[in-house]
Number of protein chains: 2
Amino acid sequence: MNGRFSIAMHIMTLLCADARLQSSDYLAGSININPVLVRKELSNLLKHGLINSQLGKNGGYSLAKPAKEITIASIYKAVKPNAILGQAKNEPNPACPIGKQINNHLKTLDADIERVMVNKLGDTTLAEFYKKFD
Amino acid sequence: MNGRFSIAMHIMTLLCADARLQSSDYLAGSININPVLVRKELSNLLKHGLINSQLGKNGGYSLAKPAKEITIASIYKAVKPNAILGQAKNEPNPACPIGKQINNHLKTLDADIERVMVNKLGDTTLAEFYKKFD
DNA sequence: TTGTAATGTAATAATTTTTATTACATATTT
DNA sequence: AAATATGTAATAAAAATTATTACATTACAA
């Protein structure tokens, strides 16, 4: 996985900290990455119904619902990679009895792990996460 | 995370399937990646005490202990990334109250998740994983 | 004791992925 | 109508991953 989860959490925390509309430039300034990347992630969070946006002058972004109704799991799901345990790029040798089957078995293992993770992340809300900041 | 876990699992499964010494070239052929990459991962697994190697002609690799004593968690630990949830490359803006603290809080979250994952992966042994193959 | 086949590892190149940048259309407020 | 923001496409730059080449070292076996 890349830095997308961190970025999404950072965005959501900033929106949680101030209910007013926040611009992508301001968010990018706190995260310290390119504004276009932030807008791309905002666009994804929007698609997943986690935030609202307002076009035009004085526009910006805000949480789509109260922070105590947003689980960390829902944020994770919005940015989740194909495989949490990672996957090799190459097709294993189909002539090898192990190679032929291993990807399926690894996929099953990965699904098991993800279930446990999402379960754990579902225990915490954005509001609880935000409480840790002083 | 990259493909290292997949590769390590593939190596370990192949060694589990045949107790005789296996060469890195043979392993690379089944995985279908460059033999040098395989040797690098073998060198890492060796360092973690999961496998044995034998130098010289007719040399190769074998499991360091019975497959039923090797947990998937121990294989994961040998290749585990810094942060399972990923991390952004940039330092957040220290002038921002959220930016200043978020990395610490994300690190805590990550540690929680990893604990749950390793717990789950500790339930299964290589022998059990191998049983799934026909 | 010499040839062969294997591990072990360093250096470098190629490829892929991620991140940054530029540009501009569209929307909304003042 | 001007200003400021979202939204998005196209491209460039940087970083990470994977592949390749090269070769030293070890051990078996003829």
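By convention in this document, chain letters (A, B, ...) are assigned in the order of the sequence lines, proteins followed by strands, and residues within each chain are numbered from 1.
Computed from coordinates, the N34(A) CG to dA12(D) P distance equals 16 Å when rounded to whole Å. L37(A) has its CG atom 15 Å from the P atom of dA14(D), to the nearest Å.
Salt bridge annotation for D134(B)-K100(A): absent, with no cationic side-chain nitrogen under 4.0 angstrom from a carboxylate oxygen.
If you check dT19(C), dA27(D), dA6(C) against the side chain of S23(B), the one that comes closest is dA6(C). Listed candidates were dT18(D), dT29(C), dT7(C). Nearest to the side chain of Q54(A) is dT29(C). Side-chain proximity of N58(B) to the nucleotides dA29(D), dT18(D), dT8(D) is greatest for dA29(D). Each of dT4(C), dT19(C), dT29(C) was ranked by its minimum atom distance to the side chain of K57(A); first place goes to dT29(C). Nearest nucleotide to the side chain of K40(A), out of dA20(C), dA19(D), dA27(D): dA20(C).
Within 4.0 Å (heavy atoms only), I33(A) reaches sugar-phosphate atoms of the nucleic acid but no base atom. G56(B) comes within 4.0 angstrom of a nucleotide base, judged by non-hydrogen atoms across all strands.
At dG7(D), one or more side-chain N or O atoms of Y61(A) fall inside 4.0 Å of OP1 or OP2 (strictly under the cut-off). Between S24(B) and dT7(C) there is a side-chain polar atom (N or O) within less than 4.0 angstrom of OP1 or OP2. For the OP1/OP2 pair of dG8(C) and a distance below 4.0 Å, the side-chain nitrogens and oxygens of S53(B) include at least one atom meeting the criterion.
Within the structure, ring-ring contact (aromatic ring centres under 6.0 Å, His included) pairs that include any residue of residues 111-134 of chain A comprise F129(A)-F133(A), F133(A)-H105(B) (at least two apart or interchain).
Looking at which nucleotide of DNA chain C each of R39(A) and L42(B) is closest to, the 5′-most match is held by L42(B). Nearer to the 5' terminus of DNA chain D, by closest-nucleotide assignment, is the contact made by L46(A) (compared with the other of V36(B) and L46(A)).
Checked against side-chain hydrogen bond (donor to acceptor under 3.5 Å, both in side chains), S30(B) has the following partners two or more places apart in sequence or in another chain: H10(B).
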